[in-house]
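The next block holds one structure in the form of structure tokens; read it before the comments.
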Amino acid sequence: MGLTVDDTGVLPVWAGFAEGVRCDRLDGRSTSGSSAVVRIGLLGGVRVTSDDGEPVDIGSAKSQAVLAALALSPGTSVTVSRLVELVWADEPPQTAHKALQWHIAQLRKGLGSEAIVRVGAAYRLDVAADAVDVARFQRHFRDGDFSAALAEWGGTPLAGLDAPGLAAAVAGLTEQWLNAVEADLERRVGNDPRGVIGSLAELAERYPLRENVWALLMTALYRVDRQADALAAFRQARHHLVTELGVEPGPTLRELESRILDQDTRLRERAAHEGYVPRRVGPLFGRDEDLQAIADALARSAVVTLVGPGGIGKTQLALAAAADHGQLIELAEITSPADVPRAVADALGVAQRQGRTLTQSIVAAFRSRSALLVVDNCEHVIDGAAELIRAVVSGCPQVHVLATSRERLSLAAEQVLAVGPLDLHAGAELFNARATAADRTYDAAAHRDHVTEICRQLDGIPLAIELAAARTISHQPADLVARLNDRLRATGSRRTGAARHRTLRAAIQWSYDLLTPAEQTLFQQLSVFSAPFDLSAAEAVADGPDGLISALVERSVITVDNGPFGRRFRLLEPMRQFAAEHLRDRDVIAERHARWCVSEVTHIHRLLTGPDEIEGVARLAELWPNLRAAVTWTRDVGLADALVRPIVTELPLRGRQEIGVWAEHILAMTSDADVRAFWLVWVAERYTQNANPTGYREVAEQYGTDRPLSRYADAYARGDGEALWQCLPDAVASLHSDDLAAFLEMTSAGILLGTGRFEQVDKSVTVLADRYRVHGPPTLLHWALQTLGYCASFQGRAEDADRYFDEASRVSLPAGTLSANKSTEARSAFRRGEQQRAFQLLRSHIDELIDTDNVVAASIVCIEFITMMAKIDRITEAAHMLRYLKAVNEFGALAARTLVAEAATRIAEHSADTTPAVDDRAALAYMRDVLVELE
């Protein structure tokens with residue numbers, strides 16, 4: 001995997017005597033603020049200006065293409081493979097991935113180091129959407145404010161940039177611009193037909209195949225009593241269509257010509273452009289990319305089918321994609337496939353002709369017409385719908401069909417697009433819009449966090465979000481969060497709309513009833529998975545999934561994605577909960593699931609303890625919800641131990657404090673003294689991280705044993721370096737794992753430093769560092785180097801310390817790893833005279849420590865804080881934290897005597913701190929307040 005520190009945006013970390021901080025965020029955003037860049041332009045050419053309006057150098061044309069690819073979706077992660085495709089199209093160089101990293105580095109020089117962040121195998125432009133002109137244009141376009149959208153348009157997108165991979169995006173933006181121009185001109189035709197004739201004539205000259213432009217021009221001419229010119233415009237339009245495409249004008253133009261010839265007075269009162277599908281009311285949240293994908297698909301295929309589970313928003317998306325130029329055919333209310341032709345004929349106003357079937361009559365009526373038919377809700381009459389659509393597209397070359405279904409039509413000409421859930425941002429926008437409509441006093445800002453949690457737990461399903469938002473009339477969002485253990489009940493119901501959409505349960509029941517008994521059984525059994533799973537997992541847990549699982553995917557009961565480790569299946573949470581309610585033999589299936597998890601963590605353990613640690617962490621993150629479900633379910637101590645023991649080191653390495661909770665769960669299940677001793681070590685680790693010695697003592701009093709590991713856990717929890725030194729050899733010898741034995745030696749080294757055993761730490765940790773350089777894992781190499789750096793610092797070997805710290809900073813680490821790197825970075829920045837940068841780094845580190853409750857690392861931050869405050873004559877603040885450092889633990893007392901000795905002398909000359917002593921949390925809060933003031 002080999003991500004560099006700069007690429008991940010993740011803090012490499014060291015811990016042991018003072019844990020660092022998890023830096024992965026649920027929203028994936030940088031924790032240190034956004035870039036200073038305030039304007040990125042893509043319309044009329046790629047350019048960037050700073051906050052004072054000055055142009056920013058963004059490098060070569062290829063770097064500009066990289067920026068354009070990211071800026072087309074600001075705030076959204078774009079995978080490396082997708083970026084390569086966008087920047088180099090079909091001819092990427094062999095070193096494309098490295099070249100991409102170089103261009104990212106060049107862009108960061110101009111935009112700021114934190115403007116582009118690495119998120120797994122993807123990059124994200126971390127700026128507000130409105131900082132990009134394309135995003136502002138599209139926002140106004142979505143909202144129907146076409147005048148505002150056109151005001152943002154600065155010219156051809158990416159003008160002058162050779163980026164063939166971005167051609168589709170440019171074409172899509174140009175199409176949106178033309179639609180906005182047409183919509184704006186349509187409005188002006190009604191208000192000032194004379195004033196828009198020139199603009200329409202110019203537009204028709206430039207885009208002679210756009211029938212709507214000709215229709216608007218004909219209408220405007222007719223309204224100012226230029227009937228002959230209007231008819232001449234029709235002849236021009238027909239000439240272009242016939243000579244360039246070989247097709248006759250569509251029904252709208254032909255009808256308009258007829259009405260002009262008849263001198264229809266109503267034409268003077270309303271625009272010529274009349275759609276069959278009405279404009280939607282209000283914006284469609286989070287679907288811009290989907291709409292573009294539909295437009296692209298319709299340009300390539302005669303039939304496009306939107307598939308997805310009930311309530312995912314297929315109908316609304318189809319209506320939006322076909323707004324103003326599609327004809328809607330609703331199949332939900334019919335019950336038999338044989339009824340499809342009648343429903344279609346009724347919707348299209350087609351009468352059955354003598355000697356022809358209804359299907360033949362429909363084909364005859366549309367054989368020479370250009371049309372887009374939106375056929376909604378095909379799943380329950382799938383055979384009849386497929387047969388009718390096949391006949392129409394075969395016999396009507398100018399007709400396209402946009403269908404919605406919970407499974408594909410299986411037609412040769414069909415292109416299938418899976419409609420996925422909304423992301424958290426779009427889901428929150430939808431919730432807030434519907435809640436505001438239900439209650440004008442609703443305050444979106446006040447409920448932001450709860451609304452985000454609602455959308456997350458409802459898996460971004462639009463119907464579920466809308467139903468939940470409607471309940472804000474009687475329930476606050478906080479109340480809804482509390483009720484979301486039952487998603488199907490918490491979302492409530494509504495009085496209007498199709499019966500299947502009045503409750504989420506009804507929408508799911510609709511899909512469930514269409515399954516065969518065998519498919520229903522598999523659906524139920526797969527509900528045991530709380531997170532994505534692959535086919536081998538399904539085969540290990542369920543009865544005969546092979547073949548049947550494909551049917552569930554086709555019916556949109558299960559979603560499927562290609563993740564970093566291959567194809568993954570998933571049940572959206574409300575679907576999973578519905579299936580779980582119907583699951584029979586629950587304990588049998590749950591035990592199979594737990595034993596599958598054991599096999600997974602066994603494999604992950606091998607990755608975590610070697611050079612492929614980054615992959616192991618990523619795989620564990622994917623498995624975690626399933627692992628949690630298995631540990632929570634099992635009452636077998638051996639099974640629980642097998643589930644958690646292989647990944648216990650993730651608690652100290654990456655702050656997975658839930659492992660400490662599971663350790664207590666296992667302690668309560670066993671009376672075996674050796675097993676209890678082992679798990680007490682990880683309970684001690686958990687409570688040490690969040691500085692809660694009382695919590696550990698309560699557990700130890702209940703489950704403590706007289707074993708070497710128990711004595712080790714007690715000494716570790718107390719931070720007693722002398723006791724730890726005495727019991728460490730026996731504790732290490734009692735472990736039956738070489739990896740864990742080495743790990744215990746590594747994590748003990750920090751506490752032993754506080755006792756002044758520098759020679760022993762240098763000797764043992766140097767051996768460990770050599771081992772980890774060769775065999776991995778990278779995190780333990782990083783920890784060993786950080787430990788050696790502090791050991792050298794305590795001994796006054798500044799050059800050795802800097803060498804160790806520098807090497808540690810170059811180790812590529814998995815996301816979320818705990819470290820003290822930010823403190824050492826802040827120290828380096830302060831020494832270079834970059835005071836503000838140093839304060840920001842230190843404050844950012846403190847924020848992360850507070851957010852993750854990893855407060856034991858306060859002493860590491862405190863060392864740098866005291867040094868900086870003494871240097872800038874903030875003696876009172878330095879004195880207050882020096883008193884804390886001396887009292888916090890043996891490591892802190894030693895640091896006060898050595899690492900901050902110069903500052904301590906200066907403090908003693910000018911100040912005597914008499915304020916009450918503080919704990920770790922209070923120390924962090926105090927330092928943060930001071931740093932915020934200094935920034």
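In what follows, every heavy atom counts, from backbone to side chain, and hydrogens, waters and symmetry copies are set aside.
- With 3.5 Å as the limit, one finds no donor-acceptor pair spanning the side chains of Y884 and D919.
- Ring pair W783/F743 is tilted by interplanar angle, where 30° to 60° counts as tilted.
- Between the side chain of Q689 and the backbone N or O of A857, no donor-acceptor pair lies under 3.5 Å.
- Cation-pi contact between R686 and Y696: absent, since separation from the ring centre below 6.0 Å together with deviation from the ring axis within 45° is not met.
- Aromatic ring centres of Y790 and F805 lie closer together than 6.0 Å.
- Residue Q836 places its CD atom among more than 12 non-hydrogen atoms of other residues, nucleotides or ligands, all under 6.0 Å distant.
- Side-chain polar atoms of Y804 and Q786 form no donor-acceptor pair below 3.5 angstrom.
- With no hydrogens or angles considered, no side-chain donor-acceptor pair links Q795 and D800 at under 3.5 Å.
- One side chain, D641 or W679, offers a donor N or O that lies under 3.5 Å from an acceptor on the other.
- Here R108 does not pair with E114 in a salt bridge; the nearest charged N to carboxylate O distance is not below 4.0 Å.
- Using modelled atom types, one finds a donor on one side chain and an acceptor on the other under 3.5 Å when comparing R757 with T755.
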- Task: Begin from the C-alpha positions of M746 and T787 and carry the test side-chain contact (heavy atoms from CB on, under 4.5 Å) through to its verdict.
- Result: CA-CA 9 Å; M746 182 67 257; T787 303; 3.4 Å; yes

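- F794 and F758 have parallel rings, their planes meeting at less than 30° on a 0 to 90° scale where 60° marks the start of perpendicular.
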